[in-house]
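Notes follow the structure.
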Amino acid sequence: MSLIPPSIHQQEEQLKLLRDSLRIGQRSLADWKGGRMAVSAVPGAGKSHSLSVAAALAIAGYQLHARKQLVIVTYTRSAASSIKTKIRERLKELKLPQSGFTVQTLHGLALQIATRHPDLSALNLDTSTIIIPTPSHRIIRACVEQWIASTPGRYQVLLEGLQFDGEETERLRRQSVLRTEVLPSLTYTVVREAKSSARSPQDVWELSSYTQDPYQTLAVAAGLYEQYERLMRSRDYIDYDDMILAALRVLEDPGIRQHWQNLVFGVFEDEAQDSSPLQEKLITLLATDPKNPHAPPNLIRVGDPNQAINSTFTPADPVYFNWFCSTCHTEGKLATMDQAGRSSEIIIKAANFVLHWICQTWQKGAKTRGNTPQVSMNNSQLPFRLQDINLVTADDPQPDANPQPVGQGLEIYTPKDIFETVKLIEQRVVELLEANPKHNAAILVRENRQGRFLAEQLAHLPKQHQIRVYEVSEVDRSSQIPLEMLKLLLFLDRPHSPDNLKAALEILEQRGLIPAQDLNALVTYPEQFLYPSPLEPPQKPPVEQARRYCCNLLRSKIELPHYYLITFLGMTLKYSGSELATVQKLADRINQEIVGNSSLKTILAALSEIVNSERFEAIEEDNDDQYTRAKQLTIITMHKAKGLDWDYVFIPFLHDDVLPGKPWVPTAAKFLGDFTLAEVARAQIRAAVHSQYQNPDILPRIPDPLKAWEEANKLKEAEEFRLLYVAMTRAKRLLWMSAAKQGPFRWSVFRTGQTNNLQDKTPCRVLPALMHRFPASFMNYDNF
Ligand SMILES: Nc1ncnc2c1ncn2[C@@H]1O[C@H](COP(=O)(O)OP(=O)(O)OP(=O)(O)O)[C@@H](O)[C@H]1O
């Protein structure tokens, strides 16, 4: 299609129209005249919508082109592609060429810079493999082994824990717990936390000298981190932080830095509450004017600190965005987008109420703990930034903004138990989606196990009512399949290795095939567990069940042809639907690779290669539209629901032990004390980074383990409440919440058949407060 350029006058008119299509709060983005700016937005404020309009206006206004571009950075590929489409549409409306901008994920941008200069970045994708080192990744396991071998003294201190009488079985049990759980999790957490804050192993060593800690957790952490870096280099592996570090290394060269800074006119960042200090450093550097390096960068950061829900399991930390907002505030460069048209008025009121209620309770709690009144709690210590969501005005351009509520708009139920909960949801979903087939609905859950339970209980909906049920976590589980298969095959290959046996038992337990139990006790003497002699006391029923499962697996190695093993294991694990399809795809792929040379060893080698290089995609790719189809009931975790919305949102199982939950130390690791080393180390590193970020000249103040554990738990609790807030703000017309009077002791060990094994449950503390404030939302109904 040829573009006829509009006259200057026409274009100015169009630009004005586009700007005026934004709400008051959104216009500050469109009116940006360069420099630094923070935009703090509420849920549903139209962050990506206004970012795309502001980008088109900047491209037109500053006449940007392929050699002077606006860079828009997001955190997920699906967000990047949706913003890209929106900007393209705007440019088309303005009859402007589709250039002058690029939308990238932060890691994509870093990789582009790093690979363009392999000599400086020391990163070559032809030879390196990108990995995501989870605690069970073999690289993490290997560095734990090497650390133990090289630091026997520190390992011994950990083994002895709080006290130890030297008993052999207990020693073996502790060794297993340290080697397979505590130290891998410490390595994983510390590497990500330190690396994403630009701290090297040496920096962590130095921090360890500022702590009072009997285990010297940070010194252990620094040693593990050192081993990790060494092993990664020796195997030519890179992780996601390496990409950003490599880009930063490239930009240290003044000539190359200027080249990139000349190419980049400015940077717009979306979801800025999820940024880490390393990421902030990269975008700030790129947004700086090379001719005027001390002037503020051309940088707009848009985010919602109240939707920061990744900070307790990734290095993302909303505190940095909050600080950025404060800096911009003092410069008069902070804008707020506080109007949202997504939800009905009652839903918005409920979300605002929850935010304030939690902050007030938080402050009261701090007072009773003695943290105030001398020092009043500042806003960055509260779980939420105190910003209300406001309704849009009557002339708002969004179609059907703040729609009329359905039913009460906010409905709160207290069913007898979790089974009655499902019946109530089913009744409501059928009635609503049959009456409004263009609408959609979702059930948001805190844990995958709850999602699975709901999907099982609602499996008949498609047939009986032509309502599609889409359980999203099923897709996530499918991506775990190659690793699960590898672990089971490693067990078949070497069943007498305690590690292999434990990994296999963990999978069986997670899949609900054997009862939950202390696996460390079973794997201490694999032979004794697998083939007990008649002289030994009889095994308890859960142990016996686990043994039978393992022995059946082992028999398959002798009885089946090797090429059939993966398919067989998939069926043994009772995989279903898309999972089985994924297993078959995996089996076909491996059989192709080992054709003519089929043995357990060759299968293992091919599978390890796939797992370690992550070159395998599960059947059914992620696509945001899939989650929100009309006449569909989506079952999805609260985390994954971020960024999406539905007409009717159901949030069941709101119990206090799940949300916000309680501090938890695995029983097996209690010999170390009432805390976990990984969380202690994370809180200690964070405290040091925060204090150095604010004032690099002062000595870091690092809390002792118990204080660090307390801080980690406060952060976790705050994040759980933000997660609830994110979940509530996904609803457009009906927000349905419930806490059953009875539920499972713990979802992780719940089996659907155990109907008579439910316990009394305390509702999440927010629910009684909500019912008190909105009495009409409390639904009385006849029990089934
Ligand atoms: N000025 C506007 N004119 C028309 N529609 C708008 C405007 N602002 C926002 N919207 C619409 O509001 C809806 C919500 O916008 P968007 O998804 O960008 O919100 P968000 O801020 O990213 O929400 P959240 O952070 O809660 O996921 C979208 O359908 C968007 O098109």
Side-chain angles (χ1 to χ4, degrees), residues 16-31 39-57 72 74-76 78-87 89-90 93 103 268-274 300-310 318 321 335-344 347-348 351-352 354-355 384-385 387-403 440 442 444 624-625 627-628 636 638-647 649 722-733 735:
K16 186 170 171 324
L17 276 177
L18 198 52
R19 178 211 176 263
D20 292 347
S21 75
L22 295 178
R23 296 176 187 141
I24 300 292
Q26 297 175 335
R27 286 185 191 162
S28 38
L29 258 177
D31 296 340
V39 183
S40 179
V42 297
K47 287 183 277 293
S48 38
H49 177 83
S50 39
L51 255 183
S52 65
V53 171
L57 292 176
I72 295 103
T74 67
Y75 284 88
T76 61
S78 63
S81 89
S82 124
I83 293 195
K84 196 181 287 172
T85 313
K86 286 185 182 144
I87 299 179
E89 282 165 11
R90 304 284 105 83
E93 283 159 24
V103 187
F268 287 4
E269 184 193 23
D270 197 7
E271 305 280 7
Q273 77 280 353
D274 287 336
I300 301 189
R301 306 185 69 201
V302 182
D304 177 0
N306 295 339
Q307 293 189 67
I309 53 172
N310 300 321
F321 181 60
T336 33
M337 276 201 242
D338 59 2
Q339 289 175 310
R342 171 182 292 150
S343 317
S344 308
I347 299 173
I348 291 183
N352 288 340
V354 165
L355 180 151
F384 290 94
R385 190 179 177 89
Q387 55 187 19
D388 275 326
I389 312 172
N390 293 308
L391 300 178
V392 300
T393 49
D395 58 348
D396 193 82
Q398 182 178 351
D400 201 13
N402 303 128
N440 54 21
L444 310 193
D624 279 0
D625 296 343
Y627 304 147
T628 52
I636 188 168
M638 297 179 180
H639 278 104
K640 220 160 176 171
K642 181 157 171 268
L644 304 171
D645 53 26
W646 295 268
D647 295 294
V649 166
R722 287 196 295 269
L723 192 57
L724 176 64
Y725 176 81
V726 168
M728 291 174 71
T729 53
R730 302 304 97 200
K732 295 193 207 168
R733 300 162 202 272
L735 172 59

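The figures here come from the full heavy-atom set of this structure, side chains too, leaving out hydrogens, waters and symmetry mates. For clarity, every value in this text was computed on a predicted model and none was experimentally measured. When a ligand or atom number is given, it counts from 1 through the structure's own listing order.
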>> To the closest 0.5 Å, what do you measure between CD (Gln339) and CD (Gln398)?
In response: 11.0 Å
>> Does this structure show an ion pair linking Arg733 with Asp400, if we count only N-O contacts that are shorter than 4.0 Å?
In response: yes
> Do Asp270 and Ser48 touch side chain to side chain, with heavy atoms closer than 4.5 Å?
Replying inline: yes
>> Against Glu271, only a single residue in Arg301, Lys642, Lys47 fulfils salt bridge (Lys or Arg N to Asp or Glu O under 4.0 Å); can you say which?
In response: Lys642
>> I'd like the residue list for ligand 1, meaning every protein residue with a non-hydrogen atom under 4.0 Å from the ligand.
In response: Ser21, Leu22, Arg23, Gln26, Pro43, Gly44, Ala45, Gly46, Lys47, Ser48, His49, Gln307, Arg342, Pro397, Gln398, Gly643, Arg730
> Cut-off 3.5 Å, side chains only: do Ser40 and Gln387 have a donor facing an acceptor?
Replying inline: yes
>> Taking side chain to side chain donor-acceptor pair (under 3.5 Å) as the definition, give me every residue that meets it alongside Asn402, ordered by chain and number, with sequence neighbours left out.
In response: none
